[in-house]
J.: 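Once you've had a glance at the structure underneath, I'll fire off some questions.
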Amino acid sequence: MARLSKKLPALCTDLPLENPDVIQKFTVFKQLLTSCFGPNGKLKQVHNNIGGHSVTTSTSQVLLQSASPSHPLLKVVATSVLSHVSRFSDCGLFTAILCFALIDQAKLSGLRRNVSISINEYLLDMCTTYLHQDGCGCKVKLDFSSSKNLITLAWSVISSKPACMLTPQEALHISMLAVQAFLLTVPCETPGNVRLGRTVTVSVEGPAIATSAVFPGLLVEVPDHLTLGNKHNLQPQRLMKMVLFSVSLSGDLFEMDEGTVEVNHGADMESEIMDQLLVVGQRAVKDQVELFVCQKVIHPVLQQYLNQHDVVVIERLGAALVEPLAELTGSQPLASLVTAISPEAYGHARGLNVKIFGSKRMLHLEGPGEAGICTMALCHRNQTVLSELKVACQKAEHVLRLTLREPSALLGGGCTETHLASYLRHKGIGEVAEAASSLGCSQTEYRLGLEAFCRSLESVARALEHDGGTPLVDLTHCHHWTVPVDVTQGQETLSPPPRCGCGLVSSASVERWTFLNTRYDEFSPAAAAALPGDSTSSQPRVLDCFAAKMNALQVAVETANLLQDIRYIIQDGN
């Protein structure tokens, strides 16, 4: 009984968002995520005290998975962001920054929690309604007859990850590869229901980034001693019958199928298994199989037998490539070596040739038809930046896929946020009495809530600047501009850059600017789709995924409302 400890009472925190300790943790976490935002975001290196490798990143998904917060409210934010990113791959930092900004601005406005929550929901509905309109001034329709906007969209995702360590030319090259891989996974002439293919990413450490490439089919790493034989080298494009095993062919008993094994007295198990392996090899040779692939290990004796009969053998394929290879070749993975191989289990491959990437030797396999499977070989200097680049390319590919469901994009560079804030101020002020009556609050409270919501959106645009520059907003289109710190020093007048954050508006077409964090007279922002005398204005240089940002906007508002609505936190410390 002496070892028993008394049960401790649960710790109850009343009004957590007014607790100084909680506010301090919120501030640190907000600064951590905000400093990673955008192409000029600062990198974070995360290392666990109990061991493991270090992670250098500015990506929300990698950062939140590596440095999980301990406070319950921060866990809610992290879980919401990770859930959004798992579905849409982009705008994770946007979600977190807007969520924190909404909470901060609600406290500064002094509104009651229930009033702030209802106004946020009302304005969110106003935002989504406007963004879905065809005349929305911050939305761009994507034309799939041209790859320019697709490349811009992919470039916007990849260039926003500074841990990839890419020059502008390298970022453009990788963006073009991402679009090429995306287009290869979209079937061209498939009757009935269309099924998208997939991109398999292969990381190659050492070679220059410019050597990265996309190949239709699969690249499978093979040992240096693999030989293709004369008939494969002379006729690289002919179809070859192949078989694919997902079970180990190493001959070890513990690698056999699950179940009961009955052994006769005096039987030699190793000889029995070896005989069965040779039966499999003989059946493959009899059926004129020319490519023999196994997910796991193949016994050296079986390999030698197959090589003697001019069969190309690939072992240790890995579980990740089994399903893509089956889709590519039409083969059925075999999970047993004791059952007969049915004719339907065989597949066909073509284009058997070897590609060299640095220290890796890879076999290029193509399918007999259009399977929508391709491989992106990513090259970089070291493993750290290569891991971040792989994540960025996977996100870019997912974002491009989302455009098939919603062929639109939103202006990037903070311009959507400033434009949307101006629109909300103009429309919200015009219907103060109606909105206040429907929400059951006073007109003053509605005005305070409207201004808090708009300032929260503008704070996301301000978060893109990390080097002391001055954020501006023009008083014509309400786009976001940033004047570098070295330009503003020693000058009394504003000198905006040639183009806005998204690159759609030229400074020559704007007469008035103001600082982003100052009040200005509300007005209806003009669309910047066709500016006179500016032929390049219709091509934005930074785009955000429409579906990802729409969902991020909803998740940020809902999470902020949830946190404001929490009255108590009860933690059991036993």
J.: Could you pull out all residues at least two apart from Ser89 that satisfy side-chain hydrogen bond (donor to acceptor under 3.5 Å, both in side chains)?
T.: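 Testing Ser89 for side-chain hydrogen bond (donor to acceptor under 3.5 Å, both in side chains), a comparison that skips the adjacent residues, returns His398.
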J.: With sequence neighbours left out, write down each residue that passes salt bridge (Lys or Arg N to Asp or Glu O under 4.0 Å) with Asp544, or none if nothing qualifies.
T.: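 Lys549.
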J.: Does Pro497 have any side-chain contact (heavy atoms from CB on, under 4.5 Å) partners at least two apart in sequence or in another chain, and if so, which?
T.: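 Checked Pro497 against side-chain contact (heavy atoms from CB on, under 4.5 Å); matches are Trp481, Val483.
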J.: With sequence neighbours left out, write down each residue that passes side-chain hydrogen bond (donor to acceptor under 3.5 Å, both in side chains) with Glu406, or none if nothing qualifies.
T.: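 Glu406 satisfies side-chain hydrogen bond (donor to acceptor under 3.5 Å, both in side chains) with Ser408 only.
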J.: Under the rule for side-chain hydrogen bond (donor to acceptor under 3.5 Å, both in side chains), what residues qualify as partners of His466, not counting sequence neighbours?
T.: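 Expected list: none.
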J.: In terms of heavy-atom contacts, does NZ of Lys42 have more than 12 from other residues, nucleotides or ligands at under 6.0 Å?
T.: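 Yes - once you tally the heavy atoms of other residues, nucleotides and ligands closer than 6.0 Å, there are more than 12.
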J.: Taking the side chain from His479 and the backbone from Leu504, do they hold a donor-acceptor pair closer than 3.5 Å?
T.: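 Absent.
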J.: Check this for me: Glu511, atom CD, are more than 12 non-hydrogen atoms of other residues, nucleotides or ligands nearer than 6.0 Å?
T.: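 Atom CD in Glu511 is not crowded, with 12 or fewer foreign heavy atoms closer than 6.0 Å.
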J.: Got a sec, which residues hit salt bridge (Lys or Arg N to Asp or Glu O under 4.0 Å) with Glu445, two or more places apart in sequence or on another chain?
T.: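 Partners of Glu445 by the salt bridge (Lys or Arg N to Asp or Glu O under 4.0 Å) criterion, ordered by chain and then number, come out as Arg112.
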J.: When you compare the side chains of Gln564 and Ser116, does any donor N or O come within less than 3.5 Å of an acceptor on the partner?
T.: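 Side chains of Gln564 and Ser116: pair found under 3.5 Å.
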J.: Taking the six-membered ring for Trp, are Tyr130 and Tyr423 parallel (under 30°), tilted (30 to 60°) or perpendicular (over 60°)?
T.: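 Tyr130 and Tyr423: parallel rings.
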J.: Does the pair Val460 and Phe37 meet the rule for a side chain to side chain contact (heavy atoms under 4.5 Å, CB included), with working shown?
T.: CA-CA 9 Å; Val460 179; Phe37 192 44; 3.8 Å; yes
J.: Not counting sequence neighbours, list each pair that qualifies as a salt bridge (Lys or Arg N to Asp or Glu O under 4.0 Å) and has a residue in residues 385-395.
T.: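 Listed by first then second residue: nothing to list.
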J.: Can you list everything that forms a side-chain hydrogen bond (donor to acceptor under 3.5 Å, both in side chains) with Lys107? Sequence neighbours excluded, please.
T.: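 Partners of Lys107 by the side-chain hydrogen bond (donor to acceptor under 3.5 Å, both in side chains) criterion come out as none, since no residue qualifies.
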J.: Is the backbone N or O of Ser456 less than 3.5 Å from a side-chain atom of Ser459, with the two atoms forming a donor-acceptor pair by type?
T.: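 Checking the backbone N and O of Ser456 against the side chain of Ser459, a donor-acceptor pair under 3.5 Å is found.
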J.: Using a 3.5 Å distance criterion without hydrogens, assess whether the side chain of Thr416 forms a donor-acceptor pair with backbone atoms of Gly412.
T.: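 Not a single qualifying donor-acceptor pair exists.
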J.: Please list all pairs meeting salt bridge (Lys or Arg N to Asp or Glu O under 4.0 Å) that have one or both residues in residues 16-26, counting only residues at least two apart or in different chains.
T.: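 Those involving residues 16-26 do not exist here.
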J.: Is there a donor-acceptor pair under 3.5 Å between the side chain of Ser160 and the backbone N or O of Val157?
T.: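 Pair found, side chain donor or acceptor close to backbone of Val157.
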J.: For atom CG of Asp467, is the number of surrounding heavy atoms from other residues, nucleotides or ligands below 6.0 Å larger than 12?
T.: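 Above 12, so yes.
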J.: I'd like to know if Arg198 and Glu397 make a salt bridge, using a cut-off of under 4.0 Å between side-chain N and carboxylate O.
T.: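 Answer for the salt bridge query: no.
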J.: Under the side chain to side chain donor-acceptor pair (under 3.5 Å) definition, can you give me all pairs with a residue in residues 73-88, not counting sequence neighbours?
T.: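 Checked against side chain to side chain donor-acceptor pair (under 3.5 Å) - neighbours excluded - the pairs reaching residues 73-88 are Ser80-Thr559, His84-Asn551.
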J.: Write out all pairs satisfying salt bridge (Lys or Arg N to Asp or Glu O under 4.0 Å) with one or both partners inside residues 553-571, taking only residues at least two apart or from two chains.
T.: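 Residue pairs passing salt bridge (Lys or Arg N to Asp or Glu O under 4.0 Å), neighbours aside: Asp14-Arg567.
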J.: Does the Ser146 side chain pair with the main chain of Asp143, one donor and one acceptor, at a distance under 3.5 Å?
T.: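 No, because the side chain of Ser146 does not come within donor-acceptor range (under 3.5 Å) of the backbone of Asp143.
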J.: Can you list the residues that meet the side-chain contact (heavy atoms from CB on, under 4.5 Å) rule with Val46, with sequence neighbours excluded?
T.: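 Checked Val46 against side-chain contact (heavy atoms from CB on, under 4.5 Å); matches are Leu63, Ser66, Ala67.
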J.: Ignoring hydrogens and angles, tell me if any N or O in the side chain of Thr418 forms a donor-acceptor pair with the backbone of Cys415 under 3.5 Å.
T.: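 Yes, Thr418 side chain to Cys415 backbone: donor-acceptor pair under 3.5 Å.
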J.: Given Lys44 and Ser35, is the side-chain hydrogen bond (donor to acceptor under 3.5 Å, both in side chains) satisfied, shown in steps?
T.: CA-CA 9 Å; Lys44 301 294 177 290; Ser35 62; 2.8 Å; yes
